[in-house]
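Predicted, not measured: the structure shown is a model, and the values here were computed from it. In what follows, chains are A, B, ... by sequence order, proteins preceding strands, each numbered from 1.
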2 protein chains.
Amino acid sequence: MGFFTCDEGVKLNLRERTIGTTVKRNKRVTATDVAEAAGVSRSAVSRAFTPNAYLDAEKRSHIMSTALRLGYRPNALAASLQGKRSNLVAVAAGGMNNLYNAEFTAMLVARLNAAGKWPIVIGGSEAVLEEAILPVLSYPLDALIVRGSSLSKQVFEDCAKLNIPLIFSGRIIEATFADCVSCRNADGTAQATRQLIAKGRRHFGFIGGPEGLSSSNDRLTGIRQALSEAGLELTALAQSDYTYEGGRDVAGKLLSDHHIDALLCANDATALGALSVARYGLHRQVPQDLSIVGFDDIAQASWPEYDLTTLRNPLDQTIEEILRLLQERLTDPGKPNEQVYIDPQLVQRGTG
Amino acid sequence: MGFFTCDEGVKLNLRERTIGTTVKRNKRVTATDVAEAAGVSRSAVSRAFTPNAYLDAEKRSHIMSTALRLGYRPNALAASLQGKRSNLVAVAAGGMNNLYNAEFTAMLVARLNAAGKWPIVIGGSEAVLEEAILPVLSYPLDALIVRGSSLSKQVFEDCAKLNIPLIFSGRIIEATFADCVSCRNADGTAQATRQLIAKGRRHFGFIGGPEGLSSSNDRLTGIRQALSEAGLELTALAQSDYTYEGGRDVAGKLLSDHHIDALLCANDATALGALSVARYGLHRQVPQDLSIVGFDDIAQASWPEYDLTTLRNPLDQTIEEILRLLQERLTDPGKPNEQVYIDPQLVQRGTG
DNA sequence: ACAGTAGATGAACACGTGTGCAGTTATAGT
DNA sequence: ACTATAACTGCACACGTGTTCATCTACTGT
């Protein structure tokens, strides 16, 4: 087979290996195999893969070349039994049909990889997510990162008992056992609302996200606050599911039922759907007759066919904070919990 | 603290762990802990979590309740040392800026979760990906699933030596050590091209993907074949990077430099960019003056503002095959390798 | 009454690794 | 030449789990 010499090939074939007297099923190459092949002790093999360990330089390079030839690689799981970090991090990604969540997860995964942390991603709908997380806790995780969605108390408690640090994003958790990083949602939408009022808008509508999500609620709060400052009230309120299709449907009905000249959406996907149905379905002039503003600043928002005015929910900054929190929590598990707030920025484009 | 009494806390030390006196450091709850708390042997605890193991029913329920109280959960890694499956699957996701890859990964993750397999996702650019995969091979993976991108020979060989099954998607691998499932790319583009010819198109352009990707090459082959059947030749050929932005840039130049009335793109993201620049940048009438056809049928293709004619690269079918291959490979590791081909379908919409 | 069997139980081993410990060798310092 | 120290090495243990094995109990069938 190329990487085994002939006499070894007798004992070492692809189907089964004979070690001592016992015949084993073909499994991973182990440190013992390398030790036998290199004619050294197993300890030496382990030390060869441990930086700064006492080991003769020549012996080390001999071991490493033998390991390379056999395709040996220390089993990270067996190592984790020795108190080493597993470097596994579970990531509960919110619904991926929310385009921001998709961008978020992609970037988080890339940054974790660059930091030598390996994300076990849990996706799917929120209902499935809850059930899927529990079995993942069977692995010795360095941490659990939760994006957006809400989880039951049982998961929290199990994490605490298993000593798995929790990091939340997109949702402020009042709990004392979790770090979290979130956007100042109300500040953002208040700012956007004031700007629209200054432009002469008076009849406001809002399309929120799934029931009970604090991100959506907070964004609504900001709008109401800015409106009341100007002596105005919200004209129309509707609820959707943070998706493009949901935005289309809900906005179509809302724009038909109410006379409004400014529509704020709880996220960009919803706003894109609303923009689509306003322009192509209802033939409204945006932004002449109607302003539409989103939240997040996903990639599509800047595409010329949309050119969506929105509030940037800074992705890189948020993820950088998550990695910082993760790092600090691992180096000092007793550190008090942190709540980090990120400021959104109004991105003025062509829809409002 | 919770489940430790005070006097135990005196001896509690961050470095050491005394088993005899039930003093433990800040780590996972273990089967021994549960055994002591429940007053049974550790074997009994292990059996309580093993279906169909001999264990008194009353004892079992007692163990389970104390386990629940302590938050115990068998360590999957330690279990995998006993020959149990780790249920970990590495997923090398192609570049996430390719929207199809993002959809693909999201769906694959969800389906794997539903099947009780936990994906370690490796993302980022292709250059990073290669380096990131190697350390992930330190975990005892059930399989490695590779989407789209190409990997070096070293990764293949290491997987073979470590006995990790390989499953490719989106790229046909001639190797004998990997299963793969791919789309009949050439058939798809040939079909689309014939239809465009029938509609009177004569001057064809093609924007491909990254250099050397077989998916892009195959799609070009199909076009050339259908053209030559009709005695035609390709008018313009350009290369991009499978992204929306890349599609915009390359199509802008290509449409300015050449007179063409039909533009086929190697994927939908590219086609959306091309459509955008054609309509909003160059003010071309699509489909009156110019037909544009994509490949994949991502979610955005069906949005009314695009209404993109494209070739559906069936996501669910592809992923279903991947899971089938995975399942079969795990139950019968000696099974000969399979190459599965999926038929694309022409989705006739408004752009060509 | 007795053998036979099924159920239940804990001790002990195996899995693959990192590392403390004790022992050996080489090198430097006086 | 002698000592102190550093470099090196292998044995043995620990990590948390599943499972075999021998042992023990309880029950069934004749």
Check side chain to side chain contact (heavy atoms under 4.5 Å, CB included) between Ser152(B) and all other residues, then give those that pass, not counting sequence neighbours. Glu130(B), Gln154(B), Val155(B)
Rounded distance (Å) that lies between atom P of dG16(D) and atom CZ of Arg73(B): 17 Å
Using a cut-off of less than 4.0 Å, is there contact between a side-chain N or O of Lys84(A) and OP1 or OP2 of dC15(D)? no
Pairs touching residues 109-120 of chain A that satisfy side chain to side chain donor-acceptor pair (under 3.5 Å), sequence neighbours left out: Asn87(A)-Lys117(A), Arg111(A)-Glu320(A), Lys117(A)-Asp142(A)
What is the distance, rounded to the nearest whole Å, between atom CG of Asn75(B) and atom C1' of dT17(C)? 14 Å
Taking the side chain of Leu55(B) as heavy atoms from C-beta outward, which of dT17(C), dT9(C), dT9(D) is closest to it? dT9(C)
Hey, is the side chain of Gln82(A) pairing donor to acceptor with the base of dT17(C) inside 3.5 Å? yes
Between Arg42(B) and Thr30(B), is there a donor-acceptor pair closer than 3.5 Å when you use the side chain of the first and the backbone of the second? no
Of the residues in residues 43-54 of chain A, which ones touch DNA chain C at a heavy-atom distance under 4.0 Å? Ser43(A), Ser46(A), Arg47(A), Thr50(A)
Residue-phosphate contact under 4.0 Å: Lys59(A) side-chain N/O, dT9(D) OP1/OP2: yes
Without decimals, in angstroms, what is the distance between Ile63(A) CD1 and dT9(D) C1'? 11 Å
Students often get this wrong, so: under 4.0 angstrom with heavy atoms, is Leu77(A) touching a base, only sugar-phosphate, or nothing? nothing
Is there side-chain contact between Phe156(A) and Leu166(A), with at least one heavy-atom pair below 4.5 Å? yes
Any sub-3.5 Å donor-acceptor pair from Ser86(B)'s side-chain atoms to Pro140(B)'s backbone N or O? yes
Apply side chain to side chain contact (heavy atoms under 4.5 Å, CB included) to residues Ile120(A) and Leu141(A) and explain how you reach the verdict. CA-CA 9 Å; Ile120(A) 296 178; Leu141(A) 304 173; 4.3 Å; yes
Among dC8(D), dG10(C), dT17(D), find the nucleotide with the atom closest to the side chain of Pro74(B). dT17(D)
Could you check how far CD of Glu58(B) sits from P of dT9(C), rounded to whole Å? 10 Å
Just how far, in rounded Å, is C1' of dT19(D) from CG of Leu81(B)? 14 Å
Between Asp56(B) (CG) and dG10(C) (P), how many Å, whole number? 11 Å
Arg42(B) has its side chain closest, among dT19(D), dG16(D), dT9(D), to dT19(D)
Would you list the atom pairs, donor with acceptor, under 3.5 Å between side chains in residues 324-334 of chain B and any protein atom, with sequence neighbours excluded?
unit_1	atom_1	unit_2	atom_2	d
Arg324(B)	NE	Glu321(B)	OE1	3.0
Arg324(B)	NH1	Glu328(B)	OE1	3.3
Arg324(B)	NH1	Glu328(B)	OE2	3.1
Arg324(B)	NH2	Glu321(B)	OE1	2.7
Arg324(B)	NH2	Glu338(B)	OE1	3.1
Arg329(B)	NE	Asp179(B)	OD2	3.1
Arg329(B)	NH1	Pro333(B)	O	3.0
Arg329(B)	NH1	Lys335(B)	O	2.7
Arg329(B)	NH2	Asp179(B)	OD1	3.1
Arg329(B)	NH2	Asp179(B)	OD2	3.1
Arg329(B)	NH2	Lys335(B)	O	3.2
Thr331(B)	OG1	Gln327(B)	O	3.2
Thr331(B)	OG1	Glu328(B)	O	3.0
Asp332(B)	OD1	Gly334(B)	N	3.2

Pair up each side-chain donor or acceptor in residues 44-57 of chain B with any protein partner under 3.5 Å, not counting sequence neighbours, and list the distances.
unit_1	atom_1	unit_2	atom_2	d
Thr50(B)	OG1	Ser46(B)	O	2.9
Asp56(B)	OD2	Glu58(B)	N	3.3
Asp56(B)	OD2	Lys59(B)	N	3.2

Please assess Val91(A) against Val109(A) for the test side chain to side chain contact (heavy atoms under 4.5 Å, CB included), listing each intermediate value before the final yes or no. CA-CA 9 Å; Val91(A) 173; Val109(A) 163; 5.8 Å; no
Global bending angle along the helix from dA1(C)-dT30(D) to dT30(C)-dA1(D), which compares the axes of five pairs at either end, to 10 degrees: 30°
